[in-house]
Amino acid sequence: MARPRAIVVHGADYVCNAYVKEYGYIGHSFGCPAVPVELNEKIINLIKGGSCFYIHTNDAYYLGHSSLKPSVQ
């Protein structure tokens, strides 16, 4: 359901070390996978032919009940 929700990979200035140093975390994209602006074009060109993302939140209920387990938490 990513297309109807307009979820896209995009560059964002809140995904960088300077933002983390100032705020203590990366910013929020409201569902879109955001990447550092300087890597935006390279990443999008690499995946534009077709890709699959496994994205989840660090939610205790999800982590305790999903059959899909992340390799790093």
**Q** Please round to the nearest 0.5 Å and tell me the distance separating atom OG of Ser29 and atom OH of Tyr14.
**A**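 It is 4.5 Å, given to the nearest 0.5 Å.
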**Q** First locate atom CD1 of Ile26, then atom CG of Asp13, and finally report the distance between them rounded to the nearest 0.5 Å.
**A**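 Answer for the CD1-CG pair, Ile26 versus Asp13, is 12.0 Å.
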**Q** List the residues meeting side-chain contact (heavy atoms from CB on, under 4.5 Å) with Tyr25, not counting sequence neighbours, and say none if there are none.
**A** Tyr19, Tyr23, His28
**Q** Do any side-chain atoms of residues 34-48 form donor-acceptor pairs under 3.5 angstrom with protein atoms, and if so which ones, sequence neighbours left out?
**A**
| from | atom 1 | to | atom 2 | distance (Å) |
| --- | --- | --- | --- | --- |
| Asn40 | OD1 | Gly11 | N | 3.1 |
| Asn45 | OD1 | Lys48 | NZ | 3.3 |
| Asn45 | ND2 | Glu41 | O | 3.2 |

**Q** Tell me whether Asp59 at atom CG has more than 12 heavy atoms from other residues, nucleotides or ligands lying less than 6.0 Å away.
**A**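 Yes.
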